Amino acid sequence: QLMKEHEGRFATQYDLTTKNKLLAGESWLSIAEKALSELPENVYISFDIDGMDPTLCPQTGTPVPGGLSYEQTLTLFSTLKKLNKKIIGFDLVEVSGGESNNE
């Protein structure tokens, strides 16, 4: 409902749609460029660590299989720069330090 009320202010990419594009042979770079080109010049990033592959972030609160690889994540950020998008703010959520081995 919120997205409908503020049409044009949100760019949403769905995991299943993206995975189907990859399976059909589209490159990750092409998918990233198309998705990020929809964003305005000034971009605020709220990055949920749950979106990454859980082997990279095992302490996250809600690990989800099939998340982004490290390389895919870096490609997203480098593509933002390539498209001359300006990051005006950034937050990282769902991060947990886990248990310490130092006692």
Side-chain angles (χ1 to χ4, degrees):
Q1 183 64 31
L2 181 65
M3 289 173 56
K4 287 179 184 177
E5 291 173 11
H6 298 279
E7 189 172 335
R9 291 208 55 208
F10 296 94
T12 304
Q13 304 299 316
Y14 295 97
D15 185 56
L16 183 57
T17 303
T18 301
K19 292 289 193 305
N20 285 335
K21 288 178 182 179
L22 288 168
L23 290 171
E26 191 170 344
S27 73
W28 175 250
L29 182 58
S30 173
I31 293 168
E33 286 174 345
K34 287 177 188 173
L36 297 177
S37 68
E38 295 179 21
L39 297 175
E41 178 184 348
N42 294 325
V43 178
Y44 183 93
I45 298 171
S46 183
F47 193 89
D48 189 331
I49 204 74
D50 290 351
M52 294 193 75
D53 186 290
T55 61
L56 300 171
C57 311
Q59 297 298 328
T60 188
T62 314
V64 179
L68 298 173
S69 70
Y70 178 74
E71 293 78 10
Q72 287 174 315
T73 304
L74 289 180
T75 298
L76 289 174
F77 290 111
S78 65
T79 301
L80 277 174
K81 182 178 179 184
K82 178 180 159 185
L83 294 171
N84 295 315
K85 303 295 183 180
K86 181 179 178 184
I87 299 173
I88 60 169
F90 183 93
D91 65 68
L92 181 62
V93 297
E94 296 281 342
V95 178
S96 171
E99 294 182 25
S100 173
N101 290 331
N102 301 327
E103 293 185 29

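Every heavy atom of this structure was used, including side-chain atoms; hydrogens, water molecules and symmetry mates were not. Here the structure is a predicted model, which means the values were calculated and not measured.
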Novice: Take the angle between the ring planes of F47 and F90 and call it parallel below 30°, perpendicular above 60°, tilted in between.
Specialist: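 Aromatic pair F47/F90 classed parallel.
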Novice: Roughly how far apart are Q59 CD and I49 CD1, rounded to 0.5 Å?
Specialist: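 Spacing of CD (Q59) from CD1 (I49) equals 12.0 Å.
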Novice: To the nearest 0.5 angstrom, please state how far the NZ atom of K21 sits from the CG atom of L16.
Specialist: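 That separation rounds to 11.5 Å.
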Novice: How many angstroms lie between atom CD of E26 and atom CG of L23, to the nearest 0.5 angstrom?
Specialist: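 It comes to 11.5 Å.
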Novice: Below 4.5 Å, heavy atoms only, C-beta onward: do L22 and Q72 meet side chain to side chain?
Specialist: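 They are in side-chain contact.
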Novice: Consider only side-chain heavy atoms of I, L, V, M, F, W and Y, link residues closer than 4.5 Å, and tell whether V93 and I88 are in one cluster.
Specialist: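 V93 does not cluster with I88.
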Novice: What pairs with T79 under side chain to side chain donor-acceptor pair (under 3.5 Å), at least two apart in sequence or on another chain?
Specialist: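 Expected list: none.
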Novice: Hey, does Q13 have a side-chain heavy atom less than 4.5 Å from the side chain of E38?
Specialist: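 A side-chain contact under 4.5 Å exists here.
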Novice: Do V43 and L92 sit in the same hydrophobic cluster, where Ile, Leu, Val, Met, Phe, Trp and Tyr count as joined when their side-chain heavy atoms come under 4.5 Å apart?
Specialist: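 V43 clusters together with L92.
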Novice: Compare every heavy atom of D91 with every heavy atom of S46, then report the nearest pair and how far apart it is.
Specialist: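 Heavy atoms only, the tightest pair is OG-OD1, 2.8 Å.
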Novice: Transitively linked via ILVMFWY side-chain contacts under 4.5 Å: V95 with Y44?
Specialist: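 Unlinked, V95 and Y44 end up in two clusters.
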Novice: Does some side-chain heavy atom of D48 sit less than 4.5 Å from a side-chain heavy atom of T62?
Specialist: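 They are not in side-chain contact.
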Novice: Any idea which heavy atoms bring A32 and L76 closest together, and the distance?
Specialist: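 Residues A32 and L76, closest heavy atoms: CB-CD2, 3.9 Å.
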Novice: Nearest 0.5 Å please: distance from the OG atom of S78 over to the CG atom of L36.
Specialist: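 It comes to 9.5 Å.
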Novice: Would the number of heavy atoms belonging to other residues, nucleotides or ligands and lying under 6.0 Å from NZ of K19 be above 12?
Specialist: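 Yes.
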Novice: Side chain to side chain contact (heavy atoms under 4.5 Å, CB included) between L80 and I45: does it pass, once the steps are laid out?
Specialist: CA-CA 11 Å; L80 277 174; I45 298 171; 3.6 Å; yes
Novice: Nearest 0.5 angstrom please: L74 CG to L68 CG, how far?
Specialist: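 If we round to the nearest 0.5 Å, L74:CG and L68:CG are 10.5 Å apart.
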Novice: Just by modelled atom types, is the E94 backbone N or O under 3.5 Å from a matching donor or acceptor in the T60 side chain?
Specialist: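 The answer is yes, because a donor-acceptor pair under 3.5 Å joins these two groups.
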Novice: If we ignore angles and hydrogens, is there a donor and acceptor under 3.5 Å between the side chains of Y70 and D53?
Specialist: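 Their side chains do not contain a donor-acceptor pair, so the 3.5 Å distance test is not met.
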Novice: Are more than 12 heavy atoms from other residues, nucleotides or ligands located less than 6.0 Å from atom CD of E41?
Specialist: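 Atom CD in E41 is not crowded, with 12 or fewer foreign heavy atoms closer than 6.0 Å.
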Novice: Hey, could you give me the CG/SG distance between D50 and C57, rounded to the nearest 0.5 Å?
Specialist: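 Here the interatomic distance stands at 8.5 Å.
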